[in-house]
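Below: one structure, written as structure tokens.
This is a predicted model, so every value here is computed, not measured.
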Amino acid sequence: MSETSTPTKPSALFVCVHNAGRSQMAAGFLRALSDGAVDVRSAGSMPAEQINPVAVQAMLEVGIDIRGEKPKVLRPETVEASDAVITMGCGDACPYYPGKNYQDWELDDPAGQGIDAIRPIRDEIERRVRGLLAELGVEPVA
């Protein structure tokens with residue numbers, strides 16, 4: 001009897017300081033566009049109390065609901081369990097993880113900004129998530 005191996009699902013971790021806007025939007029896009037083909041996590045080096053409500057509004061405009069997300073603390077084991085680690089413009093507040101598929105996406109911080117300022121951030125995050133899917137070899141569902 002021959003052994004068969006089951007390919008493991010790729011995983012991605014999005015990290016920003018507060019895990020309340022950029023990383024949550026990226027995680028929402030990756031979940032929606034991969035339709036479960038990628039394990040998605042997000043975390044923050046200093047998590048906020050809640051998700052940025054204007055980021056939630058911006059994502060609802062494109063049909064993605066991130067209201068159920070809660071900011072999470074970045075833990076070493078979460079990094080170790082991730083194939084790709086993407087920091088979201090948080091500079092020295094986000095650690096670098098050598099040996100991982102590591103990317104730093106320089107993005108404006110949506111904290112304290114209105115919807116008109118957050119929409120372009122959201123759209124840039126979607127563009128980058130689509131590129132990440134291609135790198136992971138996953139075809140987007142939409």
Interatomic spacing from [atom1] in [X] to [atom2] in [Y] - rounded to 0.5 Å:
X   : Y   : atom1 : atom2 : answer
N52 : Q24 : CG    : CD    : 10.5 Å
M46 : N19 : CE    : CG    : 12.0 Å
T87 : R22 : OG1   : CZ    : 9.5 Å
D39 : L13 : CG    : CG    : 11.5 Å
M25 : C16 : CE    : SG    : 8.5 Å
F29 : I66 : CZ    : CD1   : 9.0 Å

[X] side chain to [Y] backbone, donor-acceptor under 3.5 Å:
X   : Y   : result
K72 : R41 : no
T78 : L74 : no
S23 : V15 : no

Which heavy atom of [X] sits nearest to which heavy atom of [Y], and what is that distance?
X    : Y    : answer
S42  : A27  : CB-CB, 4.1 Å
P47  : P71  : CB-CB, 3.9 Å
P110 : G21  : CG-CA, 4.2 Å
L132 : A12  : CD2-CB, 4.3 Å
P120 : A117 : CD-O, 3.4 Å
I118 : A55  : CD1-N, 4.1 Å

Just wondering, do R31 and I64 contact through their side chains at under 4.5 Å, heavy atoms? no
Check whether any side-chain heavy atom of Q103 lies under 4.5 Å from a side-chain heavy atom of E135, and answer yes or no. yes
Shared ILVMFWY cluster between [X] and [Y], side chains joined below 4.5 angstrom?
X    : Y    : result
V17  : W105 : no
I121 : I115 : yes
V62  : V54  : yes
V85  : L133 : no
I125 : L136 : yes

Charged N to carboxylate O under 4.0 angstrom, R122 versus E126? no
Mind running side-chain contact (heavy atoms from CB on, under 4.5 Å) on D108 and E124 for me, showing each step along the way? CA-CA 10 Å; D108 289 336; E124 178 63 15; over 6 Å; no
Take atom CD of E77 as the centre, draw a 6.0 Å sphere, and report whether it contains more than 12 heavy atoms from other residues, nucleotides or ligands. yes
Evaluate the criterion side-chain contact (heavy atoms from CB on, under 4.5 Å) for residue pair R128 and L107; output intermediate values, then yes/no. CA-CA 11 Å; R128 291 180 188 213; L107 297 161; 4.2 Å; yes
